[in-house]
Colleague: 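Once you've had a glance at the structure underneath, I'll fire off some questions.
Nothing fancy with the numbering, it's 1 onward along the sequence.
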Amino acid sequence: MRLKFSELFEGLGYSPRCEQLSGSTVEIAGYVVDTPDGAAQMLVAEPGGCPHCSAVPAIALPGFKSKQGAVTLRGVLSYGFFVDAHGGGSFLRLEKARLATGLPK
């Protein structure tokens, strides 16, 4: 299922769709950015967005590593507060994120 950031966020909060779609495989386009400490990456809706510096919607990408920039990712949407092994907390994650190729699964 293809999603847009606007379907997951309402202003500075999360939309009810986050909980409804938690556990579903989704595809979403955005921009990969590094966290300020470089320990992880996040997907943001606009280029240059900094989820830790300003109030921009962001999706955590646990275990994902790529060059920064525009991408379309596919993975399992996970909603709910979670603290990873490195102490990083998130409410919305794209687990098992990978680049979407447009090829059949």
Colleague: Taking atom CD of Glu19 as the centre, does the number of heavy atoms from other residues, nucleotides or ligands within less than 6.0 Å exceed 12?
Modeller: no

Colleague: Has the side chain of Glu7 got a donor or acceptor atom that lies under 3.5 Å from a matching backbone atom of Lys4?
Modeller: yes

Colleague: Taking Ala40's backbone N and O only, do any of them form a donor-acceptor pair with Thr35's side chain (distance below 3.5 Å, no angle check)?
Modeller: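 Yes: the side chain of Thr35 pairs with the backbone of Ala40.
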
Colleague: Same cluster or not: are Tyr79 and Val26 linked, directly or through other Ile, Leu, Val, Met, Phe, Trp or Tyr residues, by side-chain heavy atoms under 4.5 angstrom apart?
Modeller: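 Same cluster.
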
Colleague: Quick one: does Leu8's side chain get under 4.5 Å of Ile59's, heavy atoms only?
Modeller: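 The answer is yes; the side chains approach within 4.5 Å.
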
Colleague: Are the side chains of Leu99 and Leu73 in touch, meaning some heavy atoms are under 4.5 Å apart?
Modeller: yes

Colleague: According to a hydrophobic-cluster definition based on side-chain heavy atoms being under 4.5 Å apart (Ile, Leu, Val, Met, Phe, Trp, Tyr only), do Tyr14 and Leu61 belong together?
Modeller: yes

Colleague: Is there side-chain contact between Leu43 and Phe64, with at least one heavy-atom pair below 4.5 Å?
Modeller: no

Colleague: Considering residues at least two apart in sequence or located in another chain, which fulfil the salt bridge (Lys or Arg N to Asp or Glu O under 4.0 Å) criterion with Glu95?
Modeller: Arg93

Colleague: Could you state the interatomic distance from OG (Ser78) to CG (Leu21), rounded to the nearest 0.5 Å?
Modeller: 12.0 Å

Colleague: Test your reading of the model: is there a side-chain donor-acceptor pair from Ser15 to the backbone of Arg17, 3.5 Å cut-off?
Modeller: yes

Colleague: Looking only at heavy atoms, what is the nearest atom pair of Phe81 and Gly89, with distance?
Modeller: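 Nearest pair, atom of Phe81 first, then Gly89: CE1-CA, 4.3 Å.
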
Colleague: Shortest non-hydrogen contact from Phe9 to Ala58?
Modeller: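 In terms of heavy atoms, the two residues are closest at CZ-O, 3.5 Å.
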
Colleague: Locate the shortest heavy-atom distance separating Gln41 from Lys65; write the atom from each residue and the value.
Modeller: OE1-CA, 3.2 Å

Colleague: Would you call Glu27 and Thr72 a side-chain contact if the rule is heavy atoms closer than 4.5 Å?
Modeller: yes

Colleague: For Phe5 versus Ala29, what's the shortest heavy-atom pair and its separation?
Modeller: CE1-O, 3.4 Å

Colleague: So, taking the atom named CE in Met42 and the one named CD in Gln68, what distance separates them when rounded to the nearest 0.5 Å?
Modeller: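 Interatomic distance, Met42 CE to Gln68 CD, rounded to 0.5 Å: 12.5 Å.
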
Colleague: Could you go step by step and tell me if Lys67 and Val32 meet the side-chain contact (heavy atoms from CB on, under 4.5 Å) rule?
Modeller: CA-CA 7 Å; Lys67 291 190 276 184; Val32 172; over 6 Å; no

Colleague: Can you tell me how far the CG atom of Leu77 sits from the CG atom of Leu94, to the nearest 0.5 Å?
Modeller: 6.5 Å

